[in-house]
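Heads up: the structure comes next, in structure tokens.
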Amino acid sequence: MAAKGRVTFSQDLCKGCGLCVGVCPVKILAMDRESINAKGYNPAYCVEPDKCIACTNCATMCPDLVIVVERL
Amino acid sequence: MAAKGRVTFSQDLCKGCGLCVGVCPVKILAMDRESINAKGYNPAYCVEPDKCIACTNCATMCPDLVIVVERL
Amino acid sequence: MAKVLMKGNEAIGEAAILAGCRFFFGYPITPQSELLEYMSLHLPKAGGTFLQAESEVAAINMVYGAAGCGARVMTGSSSPGIALKQEGISYIAGAELPCVIVNMMRGGPGLGSIQPAQSDYNQSTRGGGDGDYKLLVYAPASIQEMVDYVQISFDKADQYRNPVLIAGDGVLGQMMEPVEFSSQKATDLPAKDWATTGTDGKRAPNVINSLYLDAEELEKHNIHLSEKYAKMKENEQRWESVGIEGAELVIVAYGTTARIARSAMDNLNKQGRKIGLLRPITLWPYPEKAFEELDDATKHLLVVEMSMGQMIDDVRIVNEGKRKIDFVGRSGGVIPSTSLVEEKILEILERSE
Amino acid sequence: MAKVLMKGNEAIGEAAILAGCRFFFGYPITPQSELLEYMSLHLPKAGGTFLQAESEVAAINMVYGAAGCGARVMTGSSSPGIALKQEGISYIAGAELPCVIVNMMRGGPGLGSIQPAQSDYNQSTRGGGDGDYKLLVYAPASIQEMVDYVQISFDKADQYRNPVLIAGDGVLGQMMEPVEFSSQKATDLPAKDWATTGTDGKRAPNVINSLYLDAEELEKHNIHLSEKYAKMKENEQRWESVGIEGAELVIVAYGTTARIARSAMDNLNKQGRKIGLLRPITLWPYPEKAFEELDDATKHLLVVEMSMGQMIDDVRIVNEGKRKIDFVGRSGGVIPSTSLVEEKILEILERSE
Amino acid sequence: MAVIFERTKGLTPVSTHYCPGCTHGIIHRLVAEAMEELGVLDQAIGVAPVGCSVLAYKYFNCDMHEAAHGRAPAVATGIKRVWPDKFVFAYQGDGDLASIGTAEIVHAAHRSENISVVFVNNAIYGMTGGQMAPTTLVGQRTTTSPLGRDPKQAGFPLRISEMLATIPGATFIERVSVDTPANVRKAKRVIKRAFEIQLEGKGFALVEVLSTCPTNWGIEPTLALKWLRENMIPYYPLGNFRDATKEEVSDGQ
Amino acid sequence: MAVIFERTKGLTPVSTHYCPGCTHGIIHRLVAEAMEELGVLDQAIGVAPVGCSVLAYKYFNCDMHEAAHGRAPAVATGIKRVWPDKFVFAYQGDGDLASIGTAEIVHAAHRSENISVVFVNNAIYGMTGGQMAPTTLVGQRTTTSPLGRDPKQAGFPLRISEMLATIPGATFIERVSVDTPANVRKAKRVIKRAFEIQLEGKGFALVEVLSTCPTNWGIEPTLALKWLRENMIPYYPLGNFRDATKEEVSDGQ
Amino acid sequence: MVSERTILAGFGGQGVMLMGQLLTQAGMIEGKEVSWLPSYGPEMRGGTANCGVIVQAEPISSPVVEGNATSEIMMNLPSLLKFEEDLEPGGKLLINSSLISEKASREDVEAYYIPSSDIANELGDTRVSNMVMLGAFIEVTGIVEPESIFQALEEKLGLARAHLMDVNKEAFSLGAACVKEQRK
Amino acid sequence: MVSERTILAGFGGQGVMLMGQLLTQAGMIEGKEVSWLPSYGPEMRGGTANCGVIVQAEPISSPVVEGNATSEIMMNLPSLLKFEEDLEPGGKLLINSSLISEKASREDVEAYYIPSSDIANELGDTRVSNMVMLGAFIEVTGIVEPESIFQALEEKLGLARAHLMDVNKEAFSLGAACVKEQRK
Ligand SMILES: Cc1ncc(C[n+]2csc(CCOP(=O)(O)OP(=O)(O)O)c2C)c(N)n1
Ligand SMILES: Cc1ncc(C[n+]2csc(CCOP(=O)(O)OP(=O)(O)O)c2C)c(N)n1
Ligand code: SF4
Ligand code: SF4
Ligand code: SF4
Ligand code: SF4
Ligand code: SF4
Ligand code: SF4
Ligand SMILES: [Mg+2]
Ligand SMILES: [Mg+2]
């Protein structure tokens, strides 16, 4: 059984590039088309936090160090 | 039987480096320690002209184009 | 021909192609890159060659090679890139080859900023390379003038066998203005019988060179160059003067700052002042003759530059202590405002009243 | 310490080592190579590092790196090699780093000749790089003076955080004279707390930089630099004047030509003339104060240079039209003779009599 | 519960100026993490290039020196010669390193300067608006190859790692990519290994990192990674080109 | 009776300034003969370097251009782009080409400029009085490596031909020597082949010629040839390093 | 005397530079003196873009619009905050109210609020919000004829993108309409 | 007043530069003002070498010896042809008559003919012909003491080559003797 994890986004650092979204193996990340952060971008967020397996893929690809990953 | 040849030295161009002397297969070249040319060097010359086999080795190595070789 | 709206950098490119320039060697740098980009697309269409060199040093040496062939050739860069070209420029001047070099100046020193500046005045007029040589340096103030001076630059370069520098700045490179490409005719120019074209078995070899191992020979060459420069000094000084007759103060400014100064002058003259403007178009030879036109009413000269004040030296040289010289400017990429110039003028005039 | 007979280039090397210079990055070029050669042998013995760079461009950027570390570092070259260093020098000046650059000038432009010249005056004093910056430029006239000014150069470089240029020429580099390496004490200098040494976890990171993307920031930096240059102008002008009191003509010359001029002056004064000599030791800041010492008797200034006349501009600037300025010189590597100078002086005086 | 991924202390707590999705950001992180993990941050002096990463001196949390365009290896040489015991690295783009700075990188390798170079190859001049680089692929459109790079005019793209690997002093040369999480992790290991080589005093090490420039390629970030994978990697194969620490004889003979 | 060896028309009828026994003279002859034999003398434009062969413009009997130190390939590029149908060659020393001019030679190869380069490697800076070159051998004494080249300080000698051969645009790269009559004849054939490649429009060709500097090596001319043979050839092996005209695919892929 | 010195500013991608160029080109078409000066600073990487346009009868000396703007088109909040002070008293301030909820802070200027992004969205093409603003601007200032703008646009679009003319024209007139509405 | 401005010239390899340096160093040892200025031109590759030495009581201004030489040592014909005119009237001209068969062309100078190469050859070391000339020169001019020259030479040779002192000294005195002979 895969590990369980938690991802935290410092949304104000996010540039909305979407790199994290594409690499999540469990496809739980998305761009928040509703909100605009201080930088003027639609930030990424975790749609289904419970499903995170703490693989760190998202954080590994994030160019802006937006994401902190914890293993629960 | 080896070819016969003739070497002619434009002695005034010679810088006395001796490169020609060392490469003559029949060892008929030498430096003329007696005379000094216009450039102030002891020029090379052919000691035994008759023995030249027209191999062009001397002219090939001469950096100053002093030597003309003829095949007789 | 109708007017078109064009960016300064692109207009230079088009003007060069129309002036018969068929070779461009350059290296990207803000705020000049559009010149390269324009050339990369349009020069091949005109049957010419654009080459992005590996560096400014390589670019200027490619220019050196192509100029030696008698080609019309151009390079362009901005401040630190021009600094890198200094050795090559000195070689080209020494070998007496024609070419046109464009400098879209930005803030310095070092990497500085990418904003407009005029702080390469010394680098342009005094030469950053070694030895006694001079460039013919044009400082146009509008895109139209830049375009006109591209043709003139190529012609003068050929006429004098000397590199010509067009000293622009970030504003002139980046802005758009309507411009007309009049089909200016090239002047009659001597044949380039000195060029490396291959002898074709018809003449003795030509040699392009700046080396004279014998010092006396090099001195002769230097004297020859000096005589050429003297001729340029006599014949090539260019300037524009506006409202200098009876002016209490004359602004001395070139390029973009001359336009800002002009606005300031117009504003003050509307308020009843008598301010004039002397705008050098050649930075070398410096338009010394222009200063002869000034009359006794003029007690003040105000130099305005986008630098910490580099042209002042030349004004001091011409002035010979006759008038008071003041300076106002902004540097590092900041464009002086019209009001800054106006305030400075008023301050000077009040001070002396 | 006893006098030793040494070549100028080698004496500079020894003086630098004694002044605490521990890093030398250079590239061979006549007539400066002996400085490299001396350093390659002696610097390692003193625990320092000599590195022959792949080019002058690399050398000056190695200097940039080492100077950023707070090291005492030197480079040397001759005219075209100095031209190549212009971008780097502009960076170093912009980043406010101390270092010492030696130029043993030779004939130009371009490859020119390898014989002595002074035709890099403009390159030295006006900067061939981009932007508003200044070097402190010393022009010693003897090997002893070169040696003394090496120590001074390093100290001033540190004091002002500014590159210092020692402007010599082929004669000074190649000749031998007795020289004494007095144990000149370094002045009290501020700690180099700005240097890149690794933070050691004890302070915030230090950054060496000449980039200010915000033009206003760069302007602030330029103003700061200007204030520093103004201080240098106030405090660092150096010159020697001989027999200027009541002189009918004063020769203005520096370095090797000043010595030749001095011989000419001595000869003429023996014949009852009153000739003086004003020898700038700093080329920048130009010793304007020296000219205040001249008295009314002096109607003529004669500039003597191994160039086509580059220092004249500075003399014209200071002179402000007060005295007649003449020039005599040789160029391209030819050393002017004493008699040439004498004849010129007599011609001037006769003309005006 | 454990934090298994967080911001490295090797970076200052500021947001970079890089465009969204630009992989310069990933590479910065890898370099910073490697320094942090090797414990060299407080002994490090980094050299920033001229290029999009010109402001790297604001991002790496250690002493930094901003070099002239292409001259980072010379500046790093000057620094390393003064401080042989500090950790000295240069971070350069492909215009900076493979074009104007060719002589400096070749000769830093030639002297086997004991420094580490991170070479970010994005096949374009990012900073100045997308001009052709020596590394631009055949057919690739840039602002100075508007019809696509034409090898007849501009040659075939330069493979720097392969070239440098022929130099005896180039102790370690490897090419990596940051297009997938796996490749990013691999890149991190390689960068760390390169840094260790300097700490072991074994000489010049360079890691070429294939990187994207979504802005000037005109491709959005995720597709840019795909473009890198499909176009760059085939021409610029990943892998080690030299590791002299593993060779029997490494005396250049 | 036939003249089988005489002065080539490719050289002007003047005596060179080279030191006695300096093999620059031999190499000049080979270049000149190759041009004469290929019938390109009256269509040739040569580029002289800065170095002992700076005066080559006085010796080659064709149009000549004297370049700045290290920049001959850039100057030649400028010339060739103007006259694609003329024969353009550069003649460079090892200080000129392998040190200050590294970027220019790499990029001329990179662009596959259709020019020919004769690279005279004498392991020293001749002109300026015998300073160390990148090609100076380990332990070799020069005026700037007075105790012998120390690889710890200055690296191992740079093998230019091997390095350039990795560049796709480098169509032809070969190293020859002029230490024996046989090698001189071989060198001539190779130089001629390199020139033919230009005439065939096939791109960049470079011939590295191992050469002597009796003066600055401090070895008399005949022994200098021996020194070259015994010291240089082992480190700089003779042979062809690339001939893309023989490769199946030469598109740089 | 017809004369405008205009600052146009917004995010990169909002078509600010193009808007300025169309205005300049239109002025040229009408034989007026014109200039367009972009900022090309490093902030462009960060995403802001602005330019200054002058359209007037007399020859233009200084092309710099700074402190003396007679009108402004502000497409986002940072731009408004930065440039508001550059407007002369009595100047015209056009604000993209879709993205800027703030009002003009100055009372001595003539402010217009145009929800240009929303209008463009309704037209199905967010990219034409610049044309909405331009329509509003021309309506406010009358510095050039709409026809001149359309001619300039036609030249810009060329044949390949000629089909985009209609939506652009519509955006333009919706912008103009919006101003007429506010004027009532 | 003791004072000499000397030009020394010959082929490279004849020890001309060293000869000049020894003279200069000797002057320095005696507390005189001295300077040594070499030519370093490209002609060196061609094989000629020359330098100018000044030894005098007062400080030296111009270190250039040109047109005003008080003495000359000419080791080969090209040198003689080039530099003879630089000698002041009454100057001393020392000619290496082993290699120069010509006589001085000027009548207003004091010429000495020293077969220095032959003398050196007889001593079994052609390299010391410079010391022969120097011995002659010191005999003619008396500008420094022979002891000072020997001290300078000792410093130059160092320990490793100290064994060469004797042959050099002998060469020196043979040169001096040769002058004495001619003076008779
Ligand atoms: C001497 C000099 N030439 C040119 C420039 C302009 N310039 C700045 S960055 C750059 C190219 C950067 O491209 P690259 O190294 O690939 O870095 P990237 O931006 O792609 O990361 C250039 C040409 C400069 N600053 N200095
Ligand atoms: C910019 C510049 N730097 C340095 C020099 C001095 N210089 C002249 S020739 C030379 C080296 C020549 O060596 P190499 O290329 O090996 O040629 P060689 O003389 O050995 O044939 C140098 C450094 C110069 N003329 N210009
Ligand atoms: S850590 Fe892995 S599973 Fe969790 S959100 Fe990130 S990519 Fe998805
Ligand atoms: S990768 Fe980072 S910056 Fe990009 S969208 Fe995800 S969190 Fe935001
Ligand atoms: S041609 Fe051959 S045999 Fe004749 S002299 Fe020359 S080397 Fe000797
Ligand atoms: S090789 Fe030529 S220059 Fe040398 S000695 Fe023989 S003939 Fe004379
Ligand atoms: S321009 Fe390209 S390389 Fe530069 S920050 Fe943007 S995406 Fe990155
Ligand atoms: S110095 Fe060396 S390379 Fe130069 S000519 Fe003399 S022997 Fe040849
Ligand atoms: Mg890049
Ligand atoms: Mg060499």
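A note on names: the letters A, B, ... follow the listed sequences, proteins ahead of strands, and every chain is numbered from 1. Just so we're clear, the structure is a prediction, and the values are computed from it rather than from any experiment. Side-chain atoms are counted along with the backbone in the values below, which use heavy atoms only and exclude waters and symmetry mates.
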Does CD belonging to H:E110 count more than 12 external heavy atoms closer than 6.0 Å?
-> yes

D:R238, CZ: over 12 other non-hydrogen atoms inside 6.0 angstrom =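 Enclosed: over 12 neighbouring heavy atoms sit under 6.0 Å from CZ of D:R238.
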
Side chains of H:S35 and D:M176 in contact at under 4.5 Å (non-hydrogen atoms) = no

Region of D:T256 that comes under 4.5 Å of a non-hydrogen atom in chain H |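 For D:T256, neither part sits under 4.5 Å from chain H.
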
Chain H contacts, top residue of D:T338, D:V171, D:T257 (heavy-atom pairs, under 4.5 Å) |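 Heavy-atom pairs under 4.5 Å are most numerous for D:V171.
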
For chain H, the option from D:P116, D:S142, D:S113 that forms the most heavy-atom pairs under 4.5 Å = D:P116

Give, as side chain, backbone, both or neither, the part of H:E33 having an atom under 4.5 angstrom from any heavy atom of chain D.
-> neither

Using the test salt bridge (charged side-chain N to carboxylate O under 4.0 Å, His left out), find all partners of D:R330 that sit at least two apart in sequence or belong to another chain.
-> C:E216, C:E219

Using salt bridge (charged side-chain N to carboxylate O under 4.0 Å, His left out) as the criterion, list what pairs up with H:D118, not counting sequence neighbours.
-> none

Kindly give the heavy-atom pair with the smallest separation between H:Y40 and D:G170, and that separation in Å.
->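 Nearest pair, atom of H:Y40 first, then D:G170: OH-CA, 3.3 Å.
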
Looking at H:W36 and D:Q174, what are the two nearest heavy atoms and their distance?
-> CZ3-O, 3.6 Å

Identify the residues of residues 59-74 of chain H whose heavy atoms come closer than 4.5 Å to a heavy atom of chain D, ordered by number, or report 'none'.
->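 The stretch touches chain D at H:I60, H:S61, H:S62, H:P63, H:V64, H:E66.
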
Only counting residues at least two apart or in another chain, list the ones meeting ring-ring contact (aromatic ring centres under 6.0 Å, His included) with D:H42.
->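 Testing D:H42 for ring-ring contact (aromatic ring centres under 6.0 Å, His included), a comparison that skips the adjacent residues, returns D:Y38.
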
Distance from H:L22 atom CG to D:L5 atom CG, nearest 0.5 Å?
->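 Answer for the CG-CG pair, H:L22 versus D:L5, is 10.0 Å.
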
